[in-house]
Number of protein chains: 2
Amino acid sequence: MERRRRGEAVVGSKRGEHMGDIRRGRETGTLGKLMALIDLVALADDPMRFTDILSQSDQPRGTLHRQLSHLVEEGLLETDRDGRYLPGIRLLNLASRSWARNEFRTVAEPHLRLLQAQTGETVHLGVLRGTEVIYLDKVEGRQSVRMYSEIGNASPAYCTGVGKAALSALDDISLEARVSGLQFHAYTEHTHRSVADLQADIAAIRARGCAFDREEHENGICCVAAPIRSDDGDILAGVSVTGPAYRVTPEKLQEWAPLVRAAAAAIMQDIRSRLGPRR
Amino acid sequence: MERRRRGEAVVGSKRGEHMGDIRRGRETGTLGKLMALIDLVALADDPMRFTDILSQSDQPRGTLHRQLSHLVEEGLLETDRDGRYLPGIRLLNLASRSWARNEFRTVAEPHLRLLQAQTGETVHLGVLRGTEVIYLDKVEGRQSVRMYSEIGNASPAYCTGVGKAALSALDDISLEARVSGLQFHAYTEHTHRSVADLQADIAAIRARGCAFDREEHENGICCVAAPIRSDDGDILAGVSVTGPAYRVTPEKLQEWAPLVRAAAAAIMQDIRSRLGPRR
DNA sequence: AAATTCAGTTCCAAATAATGGAACAACATG
DNA sequence: CATGTTGTTCCATTATTTGGAACTGAATTT
């Protein structure tokens with residue numbers, strides 16, 4: 001009668017907390033199963049052999065084979081010379097358009113640049129998606145390392161400045177709904193360990209108007225972030241200034257807080273006028 | 001069973017003309033139809049309303065509605081506040097992984113940096129896909145503008161240095177197969193107008209070991225590029241040095257040609273040793 | 001205010017594509 | 001050579017997608 005549920009049992013295992021997604025309920029049929037496969041391959045640390053995928057997706061061999069063939073055919077996956085599966089460059093191509101014309105990002109960009117100029121440190125823009133933050137943009141200073149590696153990246157909301165800031169813009173009920181049942185991974189000794197920890201922090205963030213990340217996600221990295229929210233609650237995001245702990249001292253964080261809040265406010269103002277209210 | 005490679009007949013030459021819309025959808029069943037929709041939305045210059053999509057995909061209303069719902073559900077598309085469809089950020093997220101762990105790109109990266117340091121101009125790495133080039137990486141000098149906008153971008157092979165270089169690494173038969181029937185769009189007054197033009201250029205490129213682009217794609221932009229090919233022909237790509245015509249004079253192009261060829265050679269060598277022969 | 005168009009949504013029998021089991025290659029490995 | 005491992009193909013069964021039509025709801029016209 002009921003076919004087995006896709007996704008759930010399959011994808012999550014690898015690295016704890018991916019998929020804070022809120023897509024319980026609706027099924028997307030064939031597409032959902034294929035996306036679960038893409039996720040599986042894309043999230044893996046190495047190219048996957050057919051058998052690896054077979055063991056982690058509970059599809060029968062024949063079915064899986066056809067599914068993968070279709071994905072390869074469409075360029076969403078590729079095979080290396082050993083026949084192992086990798087994410088395909090078609091994804092890159094689709095993403096570049098998604099990025100270049102993202103309205104929110106476009107509107108925010110000048111403010112990110114200003115904030116970068118004011119602080120001299122790296123500025124991030126990220127949107128909340130479920131309980132993860134996806135970085136939409138990044139403006140770096142002089143010592144530019146690699147850019148792309150961060151854009152499009154998903155990180156847990158509970159241990160990043162942008163993520164916590166965005167969460168703080170939710171009302172209590174929505175917040176509770178999102179974070180309850182969250183798995184906390186101890187990235188550093190400062191990472192929040194429980195929902196209670198997180199909620200306490202978020203109360204402080206609300207009072208203060210900005211979030212701090214003092215080496216919660218990565219040792220030696222600190223940031224200040226402020227929440228961005230559209231009036232209709234459609235956009236839930238954050239902007240942050242990030243840098244190495246030795247440069248970004250607690251005093252600096254305090255000093256930058258107003259600037260970051262101002263940037264967030266300016267972005268919200270621009271959203272209001274440029275993107276307009278719901279028509 | 002000899003499936004045909006997709007892309008060939010499809011590749012739009014221009015931005016505006018979203019390829020044959022519903023390409024031969026049947027190849028990958030449901031997925032193919034959905035991907036055609038994503039393409040449609042991603043290639044459009046503006047968000048599309050339901051009706052816009054309806055008129056350009058020959059699906060019945062009910063079907064289209066469900067398809068779009070599924071795509072939105074999976075985050076591949078999004079709707080703005082007017083209900084119009086846009087590419088979704090999930091694409092960005094998937095792509096960032098695709099990019100960060102792309103073996104070829106990773107291997108090439110240090111050589112791109114070296115070439116950038118040697119010339120001081122922007123260095124590109126692109127792979128050939130059908131008759132388009134997709135840019136995999138970019139290393140810029142001082143006056144860094146925006147990065148992401150180029151990575152993942154697809155451009156016609158016939159009017160870009162990287163594209164022509166990559167094409168030159170094909171044997172005559174494969175080349176003929178790819179470029180015959182190609183539509184030539186006159187981006188500038190120097191853009192090739194016909195297969196014959198292109199083939200003549202490619203003969204020269206083969207003899208010379210590198211390709212020039214003297215304002216063929218964009219006015220005021222010139223480049224030198226060299227082909228990259230793996231022994232098994234699996235990888236077909238190119239590396240280039242690009243800059244504004246006033247800085248990148250014909251003499252400079254000549255001067256850099258050996259450097260670009262050397263970079264390409266070094267990348268090929270690394271591919272040979274690092275990615276190893278077919279196991 | 002009623003009528004008409006337009007834009008989007010829902011429904012369900014019929015068409016079609018996906019499924020899953022099993023058999024089949026192709027290649028290592030003991 | 002026997003045996004296991006990995007990947008591929010086939011096809012009756014079954015589930016999913018399809019497409020036409022009917023419905024909503026909002027804007028525009030009469």
Side-chain angles (χ1 to χ4, degrees), chain A residues 1-7 9-10 23 25-38 40-41 44 46-74 76-86 276-279, chain B residues 1-3 21-38 40-41 44 46-74 76-86 234 276-279:
Chain A
M1 189 126 294
E2 275 298 42
R3 251 165 215 277
R4 62 204 76 190
R5 270 183 209 306
R6 77 168 187 78
V10 182
R23 53 158 176 241
R26 324 233 161 173
E27 282 294 338
T28 52
T30 304
L31 178 61
K33 294 166 200 160
L34 294 176
M35 289 306 296
L37 286 180
I38 295 179
L40 192 63
V41 173
D46 300 296
M48 297 181 81
R49 285 171 316 161
F50 181 83
T51 317
D52 300 332
I53 303 176
L54 183 61
S55 67
Q56 293 193 53
S57 74
D58 51 6
Q59 308 281 24
R61 302 158 74 82
T63 299
L64 182 64
H65 186 261
R66 177 185 39 76
Q67 287 169 333
L68 291 173
S69 304
H70 283 179
L71 290 171
V72 169
E73 183 78 22
E74 288 294 339
L76 298 174
L77 296 183
E78 282 168 16
T79 51
D80 67 9
R81 60 198 81 244
D82 301 328
R84 294 175 309 180
Y85 293 88
L86 298 153
R278 180 176 297 278
R279 276 177 249 178
Chain B
M1 346 111 305
E2 274 317 298
R3 299 243 139 176
D21 293 339
I22 307 311
R23 44 174 181 244
R24 75 219 103 173
R26 306 285 148 155
E27 292 233 347
T28 51
T30 304
L31 178 61
K33 294 164 200 161
L34 294 176
M35 289 305 296
L37 286 180
I38 295 180
L40 192 62
V41 173
D46 300 295
M48 297 182 81
R49 284 172 318 161
F50 180 82
T51 317
D52 300 332
I53 302 175
L54 182 62
S55 68
Q56 294 194 52
S57 74
D58 51 7
Q59 307 280 27
R61 303 159 77 80
T63 299
L64 182 63
H65 187 260
R66 178 185 38 79
Q67 287 170 334
L68 291 174
S69 303
H70 282 179
L71 289 170
V72 169
E73 184 76 24
E74 288 293 339
L76 298 174
L77 296 182
E78 281 168 16
T79 52
D80 67 9
R81 53 210 355 89
D82 301 329
R84 295 177 307 180
Y85 293 88
L86 299 153
D234 230 34
R278 180 177 296 279
R279 276 177 248 175

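Proteins get letters first, then strands, A, B, ... in listed order; numbering begins at 1 in each.
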Separation of atom [atom1] in [X] from atom [atom2] in [N], rounded to whole Å:
X	N	atom1	atom2	result
A:Leu34	C:dA18	CG	P	8 Å
A:Leu68	D:dT6	CG	C1'	14 Å
B:Arg84	C:dA7	CZ	P	14 Å
A:Gln59	D:dA15	CD	P	15 Å
B:Ile53	C:dT9	CD1	P	11 Å
A:Leu64	D:dC10	CG	C1'	17 Å
B:His70	C:dA18	NE2	P	14 Å
A:Lys33	C:dA17	NZ	P	15 Å

Closest non-hydrogen atom pair, [X] against [Y]:
X	Y	result
A:His70	B:Thr28	ND1-O, 3.6 Å
B:Tyr85	B:Val41	O-CG1, 3.7 Å
B:Pro60	B:Leu54	C-CD1, 4.2 Å

Nearest to the side chain of [X] - [options]?
X	options	value
B:Gln67	C:dA18, C:dT9, D:dT18	D:dT18
B:Thr30	C:dG20, C:dG8, C:dA18	C:dA18
B:Tyr85	C:dA7, C:dT9, D:dT18	C:dT9
B:His65	C:dT9, D:dT8, C:dG8	C:dT9
B:Arg66	C:dG20, D:dT17, C:dT19	D:dT17
B:Arg61	C:dA7, D:dT17, C:dG20	C:dA7

### Message
A side-chain contact here means heavy atoms from C-beta on lying under 4.5 Å apart; do B:Leu64 and B:Arg61 qualify?
### Response
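B:Leu64 vs B:Arg61: side chains apart.
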### Query
D:dT8 phosphate, OP1 or OP2: any side-chain N/O from A:Ser69 under 4.0 angstrom?
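Indeed not, no polar side-chain atom of A:Ser69 lies that close.
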### Query
Given C:dA7, is OP1 or OP2 found less than 4.0 Å from the side-chain N or O atoms of B:Arg49?
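Yes.
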### Query
Can you tell me if B:Asp82 uses its side chain to pair, donor with acceptor, with the backbone of B:Arg84 under 3.5 Å?
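No: the side chain of B:Asp82 does not pair with the backbone of B:Arg84.
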### Query
Contact class for B:Thr51 (heavy atom, under 4.0 Å): base, sugar-phosphate, or nothing?
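If one applies the 4.0 Å heavy-atom cut-off, B:Thr51 turns out to touch the sugar-phosphate alone, with no base involved.
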